[in-house]
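These notes concern the structure reproduced below.
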Number of protein chains: 2
Amino acid sequence: MPPYDPSAFPPFAVTVDLVVLTVRRHALCTLVVRRGEAPYQGRWALPGGFVREDEDLSGAAARELVEETGLCAHDPAAPPPVPSNGAHLEQLATYGAPDRDPRMRVVSVAHLALAPDLPAPRAGGDANSARWAPVEELLGEDVLAGTAEAIGVAHGAGAAGDSGDMAGGEKQGGPVALAFDHARILADGVERARSKIEYSSLATAFCPPEFTVGELRRVYEAVWGVALDPRNFHRKVTGTPGFLVPAGGTTTRQGGRPAQLFRAGGATLLNPPMLRPEV
Amino acid sequence: MPPYDPSAFPPFAVTVDLVVLTVRRHALCTLVVRRGEAPYQGRWALPGGFVREDEDLSGAAARELVEETGLCAHDPAAPPPVPSNGAHLEQLATYGAPDRDPRMRVVSVAHLALAPDLPAPRAGGDANSARWAPVEELLGEDVLAGTAEAIGVAHGAGAAGDSGDMAGGEKQGGPVALAFDHARILADGVERARSKIEYSSLATAFCPPEFTVGELRRVYEAVWGVALDPRNFHRKVTGTPGFLVPAGGTTTRQGGRPAQLFRAGGATLLNPPMLRPEV
DNA sequence: GCAAAAGTGTTCCCTTTACACCCATGT
DNA sequence: ACATGGGTGTAAAGGGAACACTTTTGC
């Protein structure tokens, strides 16, 4: 690669940011890390970091995911011997407003990861702590408003009320203000997840390798924030070809009658789709 | 903004590339420009260019769109006095494989634009000519294969057969090989358009301000590459609230009985969606 | 027995589909 | 008259919503 010639084009820093979603205790949660340095020192932020010289975008995202969670995502572009434990990783959108980082011009390629319920996260990189935060706590109740349809940049502070000097703000009642434009990125990621579980089998990425129909239903209920009819859900999900395959055993970990265990089937697209109830 | 410190992060060039789609003579077409310089000199490529120092990503995409086509897209982030002639512009995906440009490390934020049938394109920038090319000619018949679901990078040359030294290749029988990874970008853009007209009113972005139900149906037929029942299509589309509003007049430009003219209604999401027939 | 969760059966209703049929214009 | 595209009616088939009911565990 020829040396960098600053007269030919303006130099940018390129980062990847991660929206890692999981379902914990019936709530949709995302991984946030506490910033150890300015700007936004002490505030919660999405995990992320610089893309390296010789790395592609999905590789950088997968590397950050491992560093933050230990998860190995399935990356179709990676060479075969990559142990995937089923986590899903896809590109979400790119954010590049000129003033989004006061230090320099940064373009961030956000990625969306879906993970089963994990043990406590391990902190890493420039963060001095990390946790799973309910998205409702970070975005408020009205996450459905911004449909993330139009061009996904330059919307300003967005949904989370950015209340001034509250560095390190937490447990103050209102939503916690994320650093940078991360509230918008998170909202876009949540909206993507809510849409995709309608017409794809991605909801299984929130489940352990073997799971019951009831556990899968509770994933849909947590992500969409609605209650679903267990009887119709069961019929629909077991009747959709390729969605679920019986794993053989049963479990009684939820109480009540033992439930059959399933694994995710080969299908990725659901036809007909799961229908999200009206608001 | 502080001065650039090359020790802090690797410098990237950031560009926007445009997938501009339109329907011409019953075929889905995209705007391509001929490259005037190496690499890929003489080959067709998607229009695009560097993002400027003080410009956000959607602003750069809108600027390129004006430069190449004269279209003013509706950008929700732009200040009010922007004349929009109805073209749709949204971010598509970002491509950043380390070797995608042999000259330097380039990350390209691709955007998707949908436009009504336009007069001949005006060439601009570093291209010495431009044209509307049927996507079938650029991608071959099997565009449906790559569903563009997974991480959208590092898939190599992709669908278009990259046949070696054929610089400036055209009208050779097989598909014309686009420069860089533009065949994949185009395939992802086409797939996005095919999906979005199912559940949104975006198909009207391919139509002039006033149009007939038959013209709208021919848009769906061209984008999906299928034949639709004109009777059921009419009932469906006029029965979906907010999709179409009567414009008052009639036209006979298609021959046969005069057809009512409509304008796009306020709705952006279609409920229930238009159903794409099975393959 | 009782509570709780897992499944199954059935009925109603709405949407889609296929196609017969009529309407209004140009040649 | 006839071809061409526009628009309405209608009946059969399929899928979703609502809910009564049975099954199998733990306490």
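Quick caveat: nothing in here was measured; it's all calculated off a predicted structure. Lettering follows sequence order; numbering is per chain, from 1.
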Charged tip of Arg131(A) within 45° of Trp44(A) ring normal and under 6.0 Å: yes
Please check: side-chain N/O of [X] versus main-chain N/O of [Y], any donor-acceptor pairing under 3.5 Å?
X         : Y         : value
Gln91(B)  : Ala93(A)  : no
Arg184(A) : Tyr95(A)  : no
His88(B)  : Leu114(B) : no
Tyr220(B) : Ile197(B) : yes

Any base atoms under 4.0 Å from Pro230(B), or only sugar-phosphate, or nothing? Heavy atoms, all strands. nothing
Determine the contact category for Arg253(A): base if any of its heavy atoms lies under 4.0 Å from a base atom, sugar-phosphate if only primed atoms, P, OP1 or OP2 are that close, otherwise nothing. nothing
Got a sec, which residues hit side-chain contact (heavy atoms from CB on, under 4.5 Å) with Pro134(B), two or more places apart in sequence or on another chain? Cys29(B), Glu137(B)
What closest approach, in Å, do Val32(A) and Ala133(A) show between heavy atoms, and which atom pair accounts for it? CG2-CB, 4.0 Å
Got Asp17(B) and His111(B) here, is their nearest side-chain heavy-atom distance under 4.5 Å? no
Along DNA chain D, 5' to 3', what are the outermost nucleotides having an atom less than 4.0 Å from a heavy atom of chain B? dT4(D) to dT10(D)
Here's a test of your reading of the structure: between Arg257(B) and Pro272(B), which maps to the more 5' nucleotide of DNA chain C? Pro272(B)
Starting at the 5' end of DNA chain C, which residue's closest nucleotide do you reach first, Asp229(B) or Pro273(B)? Pro273(B)
Just to be sure I understand the geometry, which residues of residues 231-245 of chain B put a non-hydrogen atom under 4.0 Å away from DNA chain C? Arg231(B), Asn232(B), Arg235(B), Lys236(B)
Across all chains, not counting sequence neighbours, the ring-ring contact (aromatic ring centres under 6.0 Å, His included) partners of Phe262(A) are none
Closest-nucleotide ordering on DNA chain D, the 5'-leading residue of Gln260(B) and Gly256(A): Gln260(B)
Going 5' to 3' along DNA chain C, which are the first and last nucleotides with any atom under 4.0 Å from a heavy atom of chain A? dA4(C) to dT10(C)
Test log, rule side chain to side chain contact (heavy atoms under 4.5 Å, CB included), inputs Leu46(A) and Leu18(A): CA-CA 6 Å; Leu46(A) 300 176; Leu18(A) 289 180; 5.9 Å; no
Which donor-acceptor pairs under 3.5 Å do the side chains of residues 203-217 of chain B make with protein atoms, sequence neighbours left out?
| residue | atom | partner | partner atom | Å |
| --- | --- | --- | --- | --- |
| Thr204(B) | OG1 | Ser201(B) | O | 2.8 |
| Glu210(B) | OE2 | Arg263(B) | NH1 | 3.0 |
| Glu210(B) | OE2 | Arg263(B) | NH2 | 3.2 |
| Thr212(B) | OG1 | Gly214(B) | N | 3.4 |
| Thr212(B) | OG1 | Glu215(B) | N | 3.0 |
| Glu215(B) | OE1 | Thr212(B) | N | 2.9 |
| Glu215(B) | OE1 | Arg253(B) | NH2 | 2.9 |
| Glu215(B) | OE2 | Arg253(B) | NE | 2.5 |
| Glu215(B) | OE2 | Arg253(B) | NH2 | 3.1 |
| Glu215(B) | OE2 | Gln254(B) | NE2 | 3.3 |
| Arg217(B) | NH1 | Glu221(B) | OE2 | 3.4 |

